[in-house]
Amino acid sequence: MQAAEALGLKAAQAAGVQGEDATAAAALRKLPISAMPYTEPFTARAQPILDGTWISSGIAEGFAAGRQAKVPLLTGGNSNEASLFRPQPAQLDLVPEAARPSLNAAFDPENTGDRTKIVHRLSTATLVTEPDRNVARLQSKAGQPVYLYHFSYVTPAEREKSLGAAHAAEIKYVFGGAAQKFAPEDVAISKAMNAYWAAFAKTGNPGSAGGPAWPRFAPKETAIEFANDGVHVRDQHQKARLDWVEQSLAKR
């Protein structure tokens, strides 16, 4: 709470509002969100907090307690979600020495030694991909059909310098259409995604969409990957990375 309040005060000051009293609160309510410009990373901004009243638990805790909506779920993320969090290679120095061999085995199986790539993979798995798997497990346990995706497609012109599909990169492919100004190579993946998402919205099952049938997550912990070379069904997708994260978090 103390950290959250400090972020809130910083946001207010950036908008020109000083103080912590009712007058300051009234002044803030009159402002649009655009009045609080931030240059810091997303995670350093004022945000909803776990206060015990309006927000009573985290997402994972709510799912584990069975408080989520009991409906079919389509969920997933991208191969470089770390683009949102901007991790730095120096963060790898915080990993205990004893854990580094297993970290490298999971996140750098090619033995590149590229610390930027490794920390982006670790951040992506820790903050998005493993939590996605956890939610998929909990919703499946609640008896609901779950469909998990992993989006790793990068348009050809950007592949050489890319660390993977950035946060939110999949959205334009889901909605598609001429307004997106796709490269010719992008069109097939967009048509597939649009068809899967539309089928899920209509029926609760993404079906085959003219490609491989999208299996439920349970019981094999299956994902479907939208990759540079097409659409693929993956059982136990990125298991080594996600298990490493899960075990690491359990030790904290």
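- Within the 3.5 Å criterion, the main-chain N or O of Ile118 finds no donor-acceptor partner in the side chain of Asp108.
- Within the 4.5 Å cutoff, side-chain heavy atoms of His120 are placed close to those of Thr116.
- Side-chain polar atoms of Tyr149 and Glu170 form a donor-acceptor pair below 3.5 angstrom.
- Closest approach of Val146 to Ser140, counting heavy atoms only: CG2-OG, 3.5 Å.
- When all heavy atoms of Pro101 and Ala98 are compared, the pair lying nearest together is CD-O, 3.6 Å.
- Within the 3.5 Å criterion, the main-chain N or O of Phe200 finds no donor-acceptor partner in the side chain of Asn205.
- Atom-to-atom distance recorded for Asn104:CG and Leu92:CG is 8.0 Å, nearest 0.5 angstrom.
- A distance-only check finds no donor-acceptor pair linking the side chain of Lys220 to the backbone of Arg216 [under 3.5 Å].
- In this structure, Asn194 contributes its side chain and Ser190 its backbone to no donor-acceptor pair below 3.5 Å.
- In this structure, CG in Leu127 is found 8.5 Å from CG in Leu84, a value given to the nearest 0.5 Å.
- No chain of hydrophobic side-chain contacts below 4.5 Å, direct or via other Ile, Leu, Val, Met, Phe, Trp or Tyr residues, connects Val128 to Ile171.
- At a threshold of 4.0 Å, the pair Asp132-Arg137 does not count as salt-bridged, since none of the basic side-chain nitrogens sits closer than that to a carboxylate oxygen.
- Side-chain atoms of Glu225 and His232 form no donor-acceptor pair, as typed in the model, at a separation below 3.5 Å.
- Salt-bridge annotation for Glu81 and Arg86: absent, with no side-chain N of the basic residue lying under 4.0 Å from a carboxylate O of the acidic one.
- The local environment of CZ in Arg67 is crowded, with over 12 non-hydrogen atoms from other residues, nucleotides or ligands closer than 6.0 Å.
- In this structure, Met1 shares a hydrophobic cluster with Ile49, the cluster being traced through Ile, Leu, Val, Met, Phe, Trp and Tyr side chains under 4.5 angstrom apart.
- Residues Phe182 and Tyr173 place their aromatic rings such that the two centres sit under 6.0 Å apart.
- Taking all atoms of both residues into account, the shortest heavy-atom contact from Gly204 to Pro72 is O-CB, 3.7 Å.
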Passes salt bridge (Lys or Arg N to Asp or Glu O under 4.0 Å), Lys239 versus Glu221? Steps please.
-> CA-CA 9 Å; Lys239 176 176 169 56; Glu221 300 205 337; 5.9 Å; no
Show the numbers, then the answer: is there a side-chain contact (heavy atoms from CB on, under 4.5 Å) between Val17 and Gln13?
-> CA-CA 5 Å; Val17 177; Gln13 291 164 3; over 6 Å; no
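- For the residue pair Val154 and Arg159, the shortest heavy atom distance occurs at O-NE, 2.5 Å.
- Proximity of a side-chain donor or acceptor of Arg121 to a complementary backbone N or O of Phe107 within less than 3.5 Å is detected.
- In this structure, the side chain of Gln139 does not engage the main chain of Ala136 through any donor-acceptor pair within 3.5 Å.
- Under a hydrophobic clustering in which Ile, Leu, Val, Met, Phe, Trp and Tyr are joined whenever their side-chain heavy atoms come within less than 4.5 Å, directly or via other members, Val174 and Tyr153 fall into the same cluster.
- The aromatic rings of Trp197 and Phe226 lie tilted to each other, with the angle between the two planes from 30° to 60°.
- A donor-acceptor pair is defined here as one N or O able to donate and one able to accept, closer than 3.5 Å; no such pair exists between the side chain of Ser56 and the backbone of Gly52.
- For the atom pair Ile59 CD1 and Glu61 CD, the distance stands at 9.0 Å (nearest 0.5 Å).
- Looking at heavy atoms from C-beta onward, Trp214 lies in side-chain contact with Leu74 at the 4.5 angstrom threshold.
- Counting heavy atoms of neighbouring residues, nucleotides and ligands inside a 6.0 Å radius, atom CD of Glu160 does not exceed 12 of them.
- Rounding to the nearest 0.5 Å places CG of Asp235 at 3.5 Å from OG1 of Thr222.
- Surrounding CD of Gln18 are more than 12 heavy atoms belonging to other residues, nucleotides or ligands, all under 6.0 Å away.
- From Gln88, atom CD reaches atom OG of Ser123 across 10.5 Å, with rounding to the nearest 0.5 Å.
- Neither Tyr147 nor Phe217 shares a network with the other; the hydrophobic side chains, linked directly or stepwise wherever heavy atoms of I, L, V, M, F, W or Y lie under 4.5 Å apart, form separate groups for each.
- Placement of Val119 and Val95 within a single hydrophobic cluster is found when ILVMFWY residues are connected by side-chain heavy-atom separations under 4.5 Å, directly or transitively.
- Under a 3.5 Å cut-off, the side chain of Ser83 and the backbone N or O of Asn80 do form a donor-acceptor pair.
- For the pair Tyr196 and Val231, the minimum side-chain heavy-atom distance is below 4.5 Å.
- Contact between Gly19 and Ala24 at its shortest, heavy atoms only, is O-CB, 3.5 Å.
- Counting heavy atoms from C-beta on, the side chains of Leu148 and Thr75 come closer than 4.5 Å.
- For the residue pair Trp244/Ser102, the side-chain donor-acceptor check at 3.5 Å is satisfied.
- Of all heavy-atom pairs between Ala209 and Ala192, the closest is CB-O, 4.0 Å.
- Side-chain contact between Arg115 and Asp93 is present, with at least one heavy-atom pair separated by less than 4.5 Å.
- Summarising the local packing, NZ of Lys202 is surrounded by 12 or fewer heavy atoms from other residues, nucleotides or ligands at distances under 6.0 Å.
- Looking only at distances, a side-chain donor or acceptor of Ser79 sits under 3.5 Å from a matching main-chain atom of Ala165.
- Within the model, atoms CD1 of Ile189 and CG of Asp229 stand 8.5 Å from one another, a figure rounded to the nearest 0.5 Å.
- Considering only heavy atoms from C-beta on, Leu73 stays 4.5 Å or farther from Gln144 through its side chain.
- Using a 3.5 Å distance cut-off with no hydrogens or angles, the side chains of Arg241 and Thr124 do not pair a donor with an acceptor.
- Leu242 places a side-chain heavy atom less than 4.5 Å from the side chain of Thr129.
- Annotation: ring-ring contact (aromatic ring centres under 6.0 Å, His included) contacts of His237 (sequence neighbours excluded): His150.
- Between Asn78 and His167 the shortest side-chain heavy-atom distance does not fall below 4.5 Å.
- Every side chain to side chain contact (heavy atoms under 4.5 Å, CB included) that Ala183 has, sequence neighbours left out, goes to Thr155, Glu185, Asp186.
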